[in-house]
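What follows is a set of notes on a single structure, which appears directly below.
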Amino acid sequence: MDTDGYKIADHIKCEGYFSHDDDENNYMKQKIIDIFAGIFNEHGTYVDSKYEASYLPIKNEIKKMEYIIGFHPEIRAWEHSSTNTIFINIYILASLSILSTFRDLINILRSNDSIDLEIVMKYFTDEHLSKEGIREIDQILQKWRQYSVQKNRKGITLIWSSNLFDADGDFPYTLTTAKLIFHHEMAHWHLSKFNKETRDFFIGNARNELLVYIDSLRTSNEELYHMLKMYLSDDILVKWAEEIAADMMSFHSLFNRCATTAERRDVFISIGLFYSLMKMQELHFNKKTITLSDSHPPVLIRERAVRQIFAGSYEMTEEEFNFRMAGAWFFYSTYVDIIVDDYRRQ
């Protein structure tokens, strides 16, 4: 995108403070700008025929984007189509790197060409590992609560590694997860610029799959099924479907670049991390039960609907997809779900 004098780095700014040390703060701001300039430059567009005529050529429209990277100890990312602005808060990504039990499972899932079910199942049944997972999640949530009320002249001193986003750093999936979050927010931007036919295609498919999944709850989780049927209106359903469509667009943007099975597995692991962030966010706001929101579906429903769409795109059942293609995502997410459920019950 660096053509005709346009430099994407000129359109990126940081908010908040990485550290109380000015030199470290300035160094990290520049490093983060350089890293995210690379991520943003990877993002392309769809063909012009998919957009409203008023936004064409779309390559010029996308150059109007402004990007804000937040260092605040908050859990949020957003896109404002009217101002062509995207905000990504990277603090929550730093939290991932200290979840050692979860990180150990990820290392196991990617260590061999095939997944060792015996070792993985230990994570689902070992009481000690369950307690460690609960302890680590509680530690993260306590830090979020502490930081959210702590006030300081220069904000919060965040404890994280300066190589957090290095591909060969302490936790290489942080970078890929950051890409997924960015591409998700950009997907909302694209959806806002698409013509009606294209927008209806993406959101309509997501809406149909969402309804199929909700209907399946009639037999598997009747209480949740009736709660959703009472809560959902047509407007809310469309908003939920847009989130699911944006997830799919984000995942495909990375998945389509993969040339090997190992690369695809690493993206699946990052998808699991993407959803685990949102599961912890739900815990942060509501420990006892899933969160119903007019704008976003509960993560449990959102992830399962996306997995069904993904499986269908490869003409597989969800079970076939989980075991033949996306085992790393499935097993990691299952472990997170177990720990979250255990955390809620304590």
message: Closer than 4.0 angstrom, basic N to acidic O: yes or no for Arg302 and Asp247?
response: yes
field: Steps toward salt bridge (charged side-chain N to carboxylate O under 4.0 Å, His left out) verdict (Glu52, Lys193)
entry: CA-CA 6 Å; Glu52 291 284 358; Lys193 312 298 181 189; over 6 Å; no
Non-neighbouring partners of Thr45 that pass side-chain hydrogen bond (donor to acceptor under 3.5 Å, both in side chains), sequence neighbours left out: none
- prompt: Where does the angle between the aromatic ring planes of Phe310 and Phe321 fall among parallel (under 30°), tilted (30 to 60°) and perpendicular (over 60°)?
  reply: parallel
field: side-chain hydrogen bond (donor to acceptor under 3.5 Å, both in side chains) against Asp138, all qualifying residues, sequence neighbours excluded
entry: Tyr343
- prompt: Is a salt bridge present between Arg345 and Asp342, judged by a nitrogen-to-oxygen distance below 4.0 Å?
  reply: yes
task: Return the orientation label for the Phe87 and Trp78 ring planes: parallel under 30°, perpendicular over 60°, tilted otherwise.
output: parallel
message: Just by distance, no angles: are the side chains of His190 and His43 close enough, under 3.5 Å, to form a donor-acceptor pair?
response: yes
- prompt: Shared ILVMFWY cluster between Phe36 and Tyr6, side chains joined below 4.5 angstrom?
  reply: yes
field: Counterpart residues, side chain to side chain contact (heavy atoms under 4.5 Å, CB included), relative to Ile309 (two or more places apart)
entry: Glu209, Ile244, Met248
Test item: side-chain donor near acceptor, Glu136 and Thr101, under 3.5 Å: yes
- prompt: Mind checking what makes side chain to side chain contact (heavy atoms under 4.5 Å, CB included) contact with Arg199, not counting sequence neighbours?
  reply: Leu191, Phe194, Ile203, Glu242
SB check Glu222 Arg218 (cutoff 4.0 Å): no
message: So, using side-chain hydrogen bond (donor to acceptor under 3.5 Å, both in side chains) as the criterion, who are the partners of Asp266 when residues are at least two apart?
response: Arg110, Tyr173
- request: Please assess Glu243 against Lys239 for the test salt bridge (charged side-chain N to carboxylate O under 4.0 Å, His left out), listing each intermediate value before the final yes or no.
  value: CA-CA 7 Å; Glu243 291 301 321; Lys239 292 175 183 176; over 6 Å; no
query: Does anything in residues 326-340 pair up under salt bridge (charged side-chain N to carboxylate O under 4.0 Å, His left out), and if so which pairs, sequence neighbours excluded?
result: Lys279-Asp337
Asn221: side chain to side chain contact (heavy atoms under 4.5 Å, CB included) partners, not counting sequence neighbours: Leu217, Glu223, Leu224
query: Which pairs count as ring pair (Phe, Tyr, Trp, His ring centres under 6.0 Å) when at least one residue sits in residues 118-139, sequence neighbours excluded?
result: Tyr123-Tyr335
- prompt: Restricting to pairs with a member in residues 312-330, which pass salt bridge (charged side-chain N to carboxylate O under 4.0 Å, His left out), not counting sequence neighbours?
  reply: Arg304-Glu318, Arg307-Glu318
message: Can you pull out every salt bridge (charged side-chain N to carboxylate O under 4.0 Å, His left out) where at least one residue sits in residues 228-237? Sequence neighbours excluded, please.
response: none
query: Phe274 vs His184 aromatic rings, parallel, tilted or perpendicular, using cut-offs 30° and 60°?
result: tilted
message: Just to verify, what does Glu132 make a salt bridge (Lys or Arg N to Asp or Glu O under 4.0 Å) with, not counting sequence neighbours?
response: Arg135
- request: Classify the angle between the aromatic ring planes of Phe255 and His252 as parallel (below 30°), tilted (30 to 60°) or perpendicular (above 60°).
  value: perpendicular
- request: Would you list the pairs meeting ring pair (Phe, Tyr, Trp, His ring centres under 6.0 Å) in which at least one residue belongs to residues 210-236, sequence neighbours left out?
  value: none
